[in-house]
J.: 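This is the structure I have questions about; it appears just below.
Along the sequence shown, the residues carry numbers beginning at 1.
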Amino acid sequence: GSRRTDPVPGAAPIGAEECRVCHEAIAGHETMASYHSNCEACHGGGSLHAESEAVGDIRNPSSADCLSCHTPGRDTHLQWGVGQHSQAGLICSDCHNPHSTKRQNLRVAETSSFPDMDTTSQLCVECHADVGTRFRYPTHHPVAEGGMTCTACHDPHEDARVRPGDQNQLCAGCHQDMMGPWIYEHPPATEDCQICHDPHGSVTNDMLVTVQPVMCISCHSVNDQFHHLAIGPGIQTNAPITG
């Protein structure tokens, strides 16, 4: 459909009843909030569109139109203007359908290869297909199975770069037992869980970004007093290793 969001010059109001002559599927939408039932409050004057029936002769509300009521001061919209979705050129109606009577007016994915996934996450992976693929990896968060949702960790309206707290704040919400305090801290783990784990999915155990022992020796050199003694699985010797 059309993504025209700028006003149509010369279009005059004609009233919502005139709109429903053609748009019968929208009839009854007044059971939702009254401001959504007034077609021209969001679409502008419909006189030219009623005559031509051309999609270019009617506007769709921009994100600014939506935010004039759903004010930026609300917690869910505070960072929308600087968020990644906004910066990528998305508008509210790419994810929300103001004509829908479903919860939060969310659009429904036309088709999905994840029948057990919640409808919100199905909508996310329509664009984020690379992430959807990783939900099929051997170890992953149970989004594909409907055990949790994308929005359990992500707020689609925010800018993740300015999220309060450190990188581990989201993980700590569920994995409190991994947050310590420990007598011997592993500094990278206290900084960011994602140094070792891929939250969307991995082909290795425990969602590790790579297999053991490569995971450890990618940071810790084996050229030290203890590890150089190992010459095979379960075998150690005090004799020096020679080439």
Side-chain angles (χ1 to χ4, degrees), residues 74-80 83-88 90-97 100-182 184-219:
R74 293 170 62 98
D75 289 343
T76 55
H77 306 129
L78 185 61
Q79 299 178 36
W80 169 256
Q84 284 92 334
H85 277 153
S86 175
Q87 295 299 309
L90 271 70
I91 59 177
C92 300
S93 57
D94 287 323
C95 296
H96 298 278
N97 178 7
S100 169
T101 57
K102 295 185 179 297
R103 182 174 178 267
Q104 297 175 331
N105 300 104
L106 280 171
R107 295 191 180 278
V108 178
E110 294 183 5
T111 60
S112 177
S113 57
F114 296 96
D116 297 322
M117 183 182 285
D118 71 290
T119 54
T120 302
S121 299
Q122 287 177 354
L123 187 63
C124 297
V125 299
E126 273 198 334
C127 292
H128 301 280
D130 57 326
V131 176
T133 298
R134 285 151 71 184
F135 290 142
R136 298 189 186 277
Y137 284 1
T139 60
H140 58 266
H141 276 118
V143 179
E145 295 80 9
M148 62 184 296
T149 71
C150 296
T151 54
C153 297
H154 300 283
D155 182 341
H157 300 132
E158 77 167 6
D159 182 354
R161 296 168 297 179
V162 293
R163 180 185 296 123
D166 60 25
Q167 291 294 324
N168 291 348
Q169 186 112 354
L170 285 175
C171 305
C174 294
H175 301 283
Q176 299 95 334
D177 56 328
M178 296 297 172
M179 297 301 145
W182 310 110
Y184 300 106
E185 295 282 5
H186 189 201
T190 60
E191 179 182 333
D192 186 359
C193 299
Q194 295 180 68
I195 291 176
C196 296
H197 299 280
D198 187 324
H200 293 130
S202 171
V203 296
T204 62
N205 291 336
D206 302 317
M207 290 190 287
L208 290 172
V209 296
T210 188
V211 296
Q212 294 281 28
V214 178
M215 182 72 255
C216 297
I217 64 177
S218 62
C219 294

J.: Keeping to residues at least two apart or across chains, list the salt bridge (Lys or Arg N to Asp or Glu O under 4.0 Å) pairs with something in residues 206-217.
T.: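 Every candidate salt bridge (Lys or Arg N to Asp or Glu O under 4.0 Å) pair involving residues 206-217 fails, so no pair, neighbours aside, qualifies.
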
J.: Taking the side chain as C-beta and beyond, is there a heavy-atom pair between Met148 and Cys153 under 4.5 Å?
T.: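 The answer is yes, as the side chains (C-beta and beyond) meet within the 4.5 Å cut-off.
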
J.: With Thr119, which residues qualify under side-chain hydrogen bond (donor to acceptor under 3.5 Å, both in side chains), at least two apart?
T.: none

J.: Below 4.5 Å, heavy atoms only, C-beta onward: do Val108 and Leu123 meet side chain to side chain?
T.: no

J.: Quick check for you: to the nearest 0.5 Å, what is the distance between His141 atom NE2 and Phe135 atom CZ?
T.: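 Answer rounded to 0.5 Å: 9.0 Å.
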
J.: Listed by chain and number, what are the side-chain hydrogen bond (donor to acceptor under 3.5 Å, both in side chains) partners of Thr204, not counting sequence neighbours?
T.: Ser202

J.: Output the distance between atom OG1 (Thr139) and atom NE2 (His200), rounded to the nearest 0.5 Å.
T.: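 Between Thr139 OG1 and His200 NE2, I get 13.0 Å after rounding to 0.5 Å.
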
J.: List for me each residue that meets side-chain contact (heavy atoms from CB on, under 4.5 Å) alongside Ala172, sequence neighbours excluded, and say none if there are none.
T.: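 So Ala172 forms a side-chain contact (heavy atoms from CB on, under 4.5 Å) with Met179.
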
J.: Sequence neighbours excluded, which residues qualify as side-chain contact (heavy atoms from CB on, under 4.5 Å) partners of His140?
T.: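 So His140 forms a side-chain contact (heavy atoms from CB on, under 4.5 Å) with Glu145.
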
J.: Show me the donor-acceptor pairs, under 3.5 Å and distance only, between side chains in residues 211-218 and residues at least two apart or in other chains.
T.:
from	atom 1	to	atom 2	distance (Å)
Ser218	OG	Val214	O	3.4
Ser218	OG	Met215	O	2.7

J.: Do you know the tightest heavy-atom contact between Pro199 and Met207?
T.: O-SD, 3.8 Å

J.: Quick one, Cys196 and Val209 - any side-chain contact, counting heavy atoms below 4.5 Å?
T.: no

J.: Kindly check if the number of other-residue, nucleotide or ligand heavy atoms within 6.0 Å of CD (Glu110) is above 12?
T.: no

J.: Please walk me through it: do Thr120 and Thr151 pass side-chain contact (heavy atoms from CB on, under 4.5 Å)?
T.: CA-CA 8 Å; Thr120 302; Thr151 54; 4.0 Å; yes

J.: Return yes if some donor-acceptor pair links the side-chain N/O of Ser121 with the main-chain N/O of Cys150 below 3.5 Å, else return no.
T.: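 At least one qualifying donor-acceptor pair exists.
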
J.: I'd like to check the side-chain contact (heavy atoms from CB on, under 4.5 Å) partners of Ser112; sequence neighbours left out, ordered by chain and number.
T.: Phe114, Gln122

J.: Going through the distances and angles, do Val125 and Met117 end up as a side-chain contact (heavy atoms from CB on, under 4.5 Å)?
T.: CA-CA 10 Å; Val125 299; Met117 183 182 285; 4.1 Å; yes

J.: Could you tell me how the ring of His85 sits relative to the ring of His128: parallel (under 30°), tilted (30 to 60°) or perpendicular (over 60°)?
T.: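 If you compare the ring of His85 with that of His128, the planes turn out tilted.
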
J.: Listed by chain and number, what are the side-chain hydrogen bond (donor to acceptor under 3.5 Å, both in side chains) partners of Asp94, not counting sequence neighbours?
T.: Arg3

J.: Return each pair, listed once, that meets salt bridge (Lys or Arg N to Asp or Glu O under 4.0 Å) where at least one residue sits in residues 113-133; pairs must be two or more places apart or across chains.
T.: none

J.: Let me confirm one number: the SG-CG distance from Cys193 to Leu170, rounded to the nearest 0.5 Å.
T.: 9.5 Å

J.: Has Thr190 got a side-chain atom pairing as donor or acceptor with Pro187's backbone, closer than 3.5 angstrom?
T.: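 Looks like yes, one N/O pair under 3.5 Å.
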
J.: Holding to side-chain hydrogen bond (donor to acceptor under 3.5 Å, both in side chains), I want the full list of residues that pass it with Ser113, two or more places apart in sequence or in another chain.
T.: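 Result, side-chain hydrogen bond (donor to acceptor under 3.5 Å, both in side chains) vs Ser113: Arg136.
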
J.: Sequence neighbours left out, what passes side-chain contact (heavy atoms from CB on, under 4.5 Å) with Asp192? Give chain and number order.
T.: Gln167, Asn168, Gln194, Ile195

J.: Could you measure the distance from the CD atom of Gln84 to the NE2 atom of His154? Nearest 0.5 Å is fine.
T.: 10.5 Å

J.: Do you know which two heavy atoms are closest between Pro138 and Val203, and how far apart they sit?
T.: CD-CA, 3.7 Å

J.: Could I get the full list of salt bridge (Lys or Arg N to Asp or Glu O under 4.0 Å) partners for Arg134, not counting sequence neighbours?
T.: Asp198

